[in-house]
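Report on one structure; see the data block that follows.
FYI, the numbering just counts along the sequence from 1.
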Amino acid sequence: MDLTEKKISIFSLPVIVAALGYFVDIYDLLLFTIVKKTSMLGVGSTEATLLVDSTRVINWQMTGLLLGGIIWGVLAGITLVSELLPKNKRGVGTSLVAGIGLFGAVAAYYTYQYTQDWRLCYKIGGVLGICLLLLRVKVAESGMFATAKASEVVKGNFFMLINNGKRFKKYFVAILIGLPTWYVIGILLNQSDRFGKAMFNSTTIDSGRAIMFGYVGIAIGDILIGLVSQYFKSRKKALLLFYGLTMLGLLFYYSNYNNSDTTMYLVAGWLGFSTGFWAIFVTMGAEQFGTNLRATAATTIPNMVRGALPLMNMLFLDLFQKSWHWSIVYSGIITGIIVMCVAFTAYAFTEETFHKDLDYMELD
């Protein structure tokens with residue numbers, strides 16, 4: 001079915017399926033960090049090796065996501081939504097997709113709390129993925145993609161994103177603007193129990209719960225940022241506002257006011273909300289490129305960000321803590337400063353895409 005001329009609602013089947021796709025994606029993605037301790041102890045880790053072993057596992061997970069994003073880039077749901085919706089609904093539609101999808105982390109947390117069986121949680125995630133695949137078959141492609149598919153133009157070639165200087169610059173900065181999200185999730189929330197012990201001697205913080213609160217905040221932020229983008233008629237202004245909120249959250253996280261389990265969970269929610277620019281970040285990535293490369297770009301860009309977590313862990317854990325013997329708090333602060341400086345620099349070179357027409361091809 002050619003949907004080129006059809007008016008598409010933000011509550012249409014493609015949008016719903018894309019949202020459910022994100023839901024399952026985030027459920028599977030965050031499940032390990034939620035069941036980290038019990039699952040690692042269950043497969044042979046000890047309390048002494050838990051940090052190193054779990055960091056190694058999450059680094060491999062993010063590397064797999066990076067490779068999977070390159071291989072399966074042509075199946076990106078956020079791209080389909082961007083191409084089907086008109087300009088004045090693109091930001092809201094993709095924010096709705098990401099906002100609903102990010103509640104997958106909440107579902108993962110409460111599934112584990114209810115079952116107390118980490119193996120069963122993984123099995124549930126697998127079944128959800130199969131059900132989603134069957135539902136995805138019912139969704140038609142966009143008219144833009146159908147036109148690109150019928151043409152002779154090269155489609156989905158990842159190397160076209162990096163073999164042209166102008167395209168590579170757009171691609172590279174599109175990755176860098178998303179780094180703060182996984183600094184927050186992968187380091188501050190994932191290691192919130194260790195930060196709590198170092199900062200105010202807490203032994204009762206549940207990092208899985210902190211991640212759950214963070215993702216509630218991310219989901220709300222992702223829905224709201226679409227409306228903010230529509231209000232400003234600008235993706236970049238909305239992103240800059242949320243960067244500012246992230247900076248405030250980081251200052252509170254490392255301050256003396258963060259001195260109890262309650263405040264740690266509260267700041268986890270705030271940092272989640274302030275880094276809830278995933279929808280706009282992915283949308284901007286999709287809008288940077290022509291139809292024949294858009295899906296590959298939109299999938300590989302966020303997975304490149306996730307794939308950057310091992311590099312951040314190398315700074316935070318291997319270099320600053322193990323080699324230089326810095327404290328976890330000081331290591332976290334310096335890593336955060338580096339990440340935010342890189343993100344703001346990339347922001348300065350990022351193209352505004354709010355009014356951009358997406359019906360074009362990348363020809364060379």
State plainly whether one hydrophobic cluster holds both [X] and [Y], where clusters connect Ile, Leu, Val, Met, Phe, Trp and Tyr through side-chain heavy atoms under 4.5 angstrom apart.
X	Y	value
Ile223	Phe213	no
Trp182	Trp60	no
Leu266	Met199	no
Ile220	Val184	yes
Val52	Met62	no

Within the distance-only criterion (no hydrogens, no angle test), does the side chain of [X] pair as donor or acceptor with the backbone N or O of [Y] below 3.5 angstrom?
X	Y	value
Tyr112	Ile34	no
Ser274	Leu271	yes
Thr335	Ser331	yes
Ser207	Gln191	no
Ser327	Tyr330	yes
Lys233	Gln230	yes
Arg294	Phe289	yes
Lys356	Glu351	no
Tyr265	Ile205	no
Thr299	Thr296	no

In Å, rounded to the nearest 0.5 Å, how long is the span from [atom1] of [X] to [atom2] of [Y]?
X	Y	atom1	atom2	answer
Asn258	Phe195	CG	CZ	10.5 Å
Leu319	Trp326	CG	CH2	7.0 Å
Leu161	Ile301	CG	CD1	7.5 Å
Leu224	Ile280	CG	CD1	10.5 Å
Thr46	Met40	OG1	CE	10.0 Å
Asp117	Cys121	CG	SG	6.5 Å

Where do [X] and [Y] come nearest, in terms of heavy atoms and distance?
X	Y	value
Lys36	Leu50	O-CD1, 4.3 Å
Tyr109	Gly208	CD1-O, 3.6 Å
Ala210	Ser192	CB-OG, 3.4 Å
Met264	Tyr253	SD-CE1, 3.5 Å
Met312	Val339	SD-CG2, 3.7 Å
Thr275	Pro180	CG2-O, 4.1 Å

Quiz item: Could you walk me through whether Leu240 and Phe232 pass the side-chain contact (heavy atoms from CB on, under 4.5 Å) check?
Solution: CA-CA 11 Å; Leu240 184 61; Phe232 286 135; over 6 Å; no
With a 4.5 Å heavy-atom cut-off, do [X] and [Y] have their side chains touching?
X	Y	answer
Val267	Thr263	no
Gln288	Val173	no
Asp222	Ile218	yes
Thr181	Val305	no
Trp270	Phe252	no
Val216	Met212	yes
Ile185	Leu30	yes
Asn313	Leu309	yes

Quiz prompt | Member of Ile334, Ile333, Ile328 meeting the side-chain contact (heavy atoms from CB on, under 4.5 Å) criterion with Phe320 | solution =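 Running side-chain contact (heavy atoms from CB on, under 4.5 Å) over Ile334, Ile333, Ile328 with Phe320 returns exactly one hit, Ile334.
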Exercise. Going by the side-chain contact (heavy atoms from CB on, under 4.5 Å) test, name the single residue among Trp278, Phe277, Phe281 that passes it with Ile225.
Key: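 Only match with Ile225 under side-chain contact (heavy atoms from CB on, under 4.5 Å): Phe277.
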Practice problem: Answer yes or no: are there more than 12 heavy-atom neighbours, outside Met314 itself, under 6.0 Å from its atom CE? | Solution: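 No, CE of Met314 has 12 or fewer neighbouring heavy atoms, counting only those of other groups under 6.0 Å.
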Quiz prompt | Exceeds 12 heavy-atom contacts within 6.0 angstrom, atom OH of Tyr254 | solution =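 Yes - once you tally the heavy atoms of other residues, nucleotides and ligands closer than 6.0 Å, there are more than 12.
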Self-check item: salt bridge (charged side-chain N to carboxylate O under 4.0 Å, His left out) pairs, two or more places apart, involving residues 158-179
Solution: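 Those involving residues 158-179 are Arg167-Glu362, Arg167-Asp364.
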Quiz item: So, for Tyr183 and Phe316, is the gap between ring centers shorter than 6.0 Å?
Solution: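 When the ring centroids of Tyr183 and Phe316 are compared, they turn out to be at least 6.0 Å apart.
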Distance-only polar pair, side chains of [X] and [Y], donor-acceptor under 3.5 Å:
X	Y	value
Tyr171	Thr300	yes
Ser39	Tyr122	no
Asp261	Ser202	yes
Asn303	Arg306	yes

Exercise. Assess whether salt bridge (charged side-chain N to carboxylate O under 4.0 Å, His left out) is satisfied between Glu47 and Lys37, documenting all intermediate values.
Key: CA-CA 9 Å; Glu47 290 286 352; Lys37 185 172 183 177; 3.4 Å; yes
